[in-house]
Amino acid sequence: MRVLVTGGAGFIGSNTVDYLVAHGHEVSVVDNLVTGFREQVHPQARFHEVDVTDAESLERVFAAERPEAVIHLAAQMDVRVSTRRPAYDAQVNILGSLNVITCAVGAGTRKIVYASSGGAIYGEPDYLPVREDHPIRPLSQYGVTKHTVEHYLFLYAHLHGLRYTALRYANVYGPRQNPAGEAGVVAIFGRSLILAQPCRIFGDGEQTRDYVYVGDVVAANAMALGAGDNESVHIGTGIETSVNELHHALAEICGSRLPARYEPERPGEVQRISLDPALAAERLGWRPKVPMSEGLERTVGFLRERQAAGRLA
Ligand SMILES: NC(=O)c1ccc[n+]([C@@H]2O[C@H](COP(=O)([O-])OP(=O)(O)OC[C@H]3O[C@@H](n4cnc5c(N)ncnc54)[C@H](O)[C@@H]3O)[C@@H](O)[C@H]2O)c1
């Protein structure tokens, strides 16, 4: 299948591109490299350094590639950036996505797989693990913009027959997550522990998240190319892990005894979240496969390789 991956130079995107190429798909990538890396893009994928907010350039890419399916991952994905720069967040995440959707319609694309967020759209949940029909009450600009795009997808499916699946990811972690950013606690803690620096925990560390391994997310992206039409589904484990538990597990793997440094909690962060993956099993045949202990080992292994190559500091 001809698949265009937006954000294909990023963490989830580059892993997705590798998988698609390995499974015989013809892959093209759109990315402006704002947080992605050119060298992460598989050499067999055609690369277009284009910003999704640049409608004309994007149209040219779609006209040339004529993708049968799009996996749309390009986004401003940092909650704190969305708070500091809400207009920029909306420009990339809403207007950029609208460009991708309208270009897809124009190019005769049959399906869009969209990276939504299960961690950012529900606010403080009424029950756990959350199901997809839980009320939407985002507590950040990022949560608002990620969810808004699901409405456009619904509309374009209705108006133009463009099929979509919105995958509401939990907290994704694994190789290639950038430890230098503000998001991605597994990569950030892993880097700190390897460099023998204390990890910073905001609040008491008892807040919980649902951590899903990037390899499982990549499999979900690929499965959604052919299933789960016109639905929003969770890609998570349903398991809550506290920041303290995560820190402890990573410290064990890294052989570190350095205590964490506790700092005041940050506003806008939910206290607990986990996502029920039952609908993904039903609609996509997807289940998380990589247990957290194994996923963390693989991630630390990757970070150690980076360190050995002098690319961790
Ligand atoms: N990582 C997570 O835990 C998580 C959770 C829920 C949803 N998501 C979503 O998954 C997607 C991928 O996230 P990621 O973790 O791989 O982040 P990432 O920052 O590594 O990837 C995003 C990619 O999009 C590119 N990009 C950003 N703005 C762009 C623009 N205007 N035009 C073209 N390209 C642009 C970046 O250069 C980068 O390569 C995002 O849509 C994010 O919102 C991620």
Side-chain angles (χ1 to χ4, degrees), residues 4-18 28-41 45 47-55 57-58 61 70-82 85 87-100 103 112-122 138 140-150 153 166-188 209-214 216-218 220-221 224 232-237 273 275 295 299:
L4 187 151
V5 182
T6 74
F11 160 47
I12 301 170
S14 65
N15 280 294
T16 301
V17 169
D18 285 359
S28 54
V29 167
V30 165
D31 201 299
N32 70 351
L33 302 179
V34 65
T35 54
F37 299 94
R38 177 69 182 91
E39 64 270 23
Q40 282 185 167
V41 179
F47 180 71
H48 302 271
E49 187 173 340
V50 164
D51 193 309
V52 292
T53 64
D54 173 357
S57 300
L58 196 64
V61 173
V70 171
I71 301 182
H72 177 40
L73 301 162
Q76 185 308 103
M77 56 76 66
D78 189 320
V79 171
R80 278 170 291 281
V81 170
S82 83
R85 301 178 63 197
Y88 168 68
D89 178 72
Q91 191 178 12
V92 176
N93 292 0
I94 299 179
L95 299 183
S97 295
L98 196 51
N99 285 340
V100 170
C103 283
I112 293 191
V113 177
Y114 168 63
S116 187
S117 167
I121 65 174
Y122 299 112
S140 67
Q141 289 83 346
Y142 171 76
V144 172
T145 62
K146 289 308 282 188
H147 184 253
T148 299
V149 175
E150 293 191 25
L153 289 166
L167 298 176
R168 295 179 179 168
Y169 303 155
N171 277 51
V172 188
Y173 73 97
R176 295 193 191 154
Q177 189 163 36
N178 187 359
E182 282 185 73
V185 65
V186 173
I188 293 169
R209 298 288 179 267
D210 182 336
Y211 295 96
V212 62
Y213 185 67
V214 67
D216 284 330
V217 173
V218 163
N221 288 341
S232 298
V233 298
H234 286 156
I235 299 302
T237 66
I273 187 77
L275 307 177
T299 309

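When a ligand or atom number is given, it counts from 1 through the structure's own listing order. These numbers come from a predicted model, not from an experiment. Index from 1, following the sequence.
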Heavy-atom nearest neighbour in the protein, as seen from [atom], with distance rounded to 0.1 Å:
| atom | value |
| --- | --- |
| atom 1 (N) of ligand 1 | M77 CE, 3.7 Å |
| atom 20 (O) of ligand 1 | F11 N, 2.9 Å |
| atom 18 (P) of ligand 1 | T35 OG1, 3.8 Å |
| atom 12 (C) of ligand 1 | L73 O, 3.5 Å |
| atom 3 (O) of ligand 1 | V172 N, 2.9 Å |
| atom 13 (O) of ligand 1 | I12 CD1, 3.9 Å |
| atom 9 (C) of ligand 1 | A115 CB, 3.8 Å |
| atom 30 (C) of ligand 1 | N32 ND2, 3.3 Å |

Is any side-chain heavy atom of [X] closer than 4.5 Å to a side-chain heavy atom of [Y]?
| X | Y | value |
| --- | --- | --- |
| T237 | D210 | yes |
| V214 | R176 | no |
| T299 | Y213 | yes |

Atoms of ligand 1, numbered as shown, that sit under 4.0 Å from any heavy atom of [X]:
| X | value |
| --- | --- |
| N171 | 3 (O) |
| Y169 | 5 (C), 6 (C), 7 (C), 8 (N), 10 (O) |
| G10 | 20 (O), 21 (O), 38 (C), 39 (O) |
| L33 | 37 (O) |
| G36 | 36 (C), 37 (O), 38 (C), 39 (O) |
| G7 | 23 (C), 24 (O), 39 (O) |
| A9 | 39 (O) |

Do any nitrogen or oxygen atoms of [X] lie less than 3.5 angstrom from nitrogen or oxygen atoms of ligand 1?
| X | answer |
| --- | --- |
| D51 | yes |
| S116 | no |
| Y142 | yes |
| G13 | no |
| K146 | yes |
| V52 | yes |
| Q177 | no |
| V34 | yes |

With a 4.0 Å cut-off on heavy atoms, is [X] in contact with ligand 1?
| X | answer |
| --- | --- |
| A170 | yes |
| V50 | yes |
| Q76 | no |

Using heavy-atom distances, let me know which of L58, V214, D31 sits nearest atom 39 (O) of ligand 1. D31
Using distance alone, with no hydrogens and no angle criterion, decide if [X] and [Y] have a side-chain donor and acceptor under 3.5 Å apart.
| X | Y | value |
| --- | --- | --- |
| R168 | Y122 | yes |
| N93 | Q76 | no |
| H48 | S28 | no |

Is a donor on one side and an acceptor on the other found under 3.5 Å between the side chain of [X] and the backbone of [Y]?
| X | Y | answer |
| --- | --- | --- |
| S14 | G8 | no |
| Q91 | T53 | no |
| N171 | R209 | no |
| K146 | A115 | yes |

If you look at every heavy atom in [X] and [Y], which pair is closest and at what distance?
| X | Y | result |
| --- | --- | --- |
| A55 | C103 | O-SG, 4.4 Å |
| V52 | L58 | O-CD2, 3.9 Å |
| G236 | A170 | CA-CB, 3.8 Å |

At under 4.0 Å between heavy atoms, is it the side chain or the backbone of N93 that contacts ligand 1, or both, or neither? neither
With heavy atoms and a 4.0 Å threshold, my read on which part of R168 contacts ligand 1 is neither
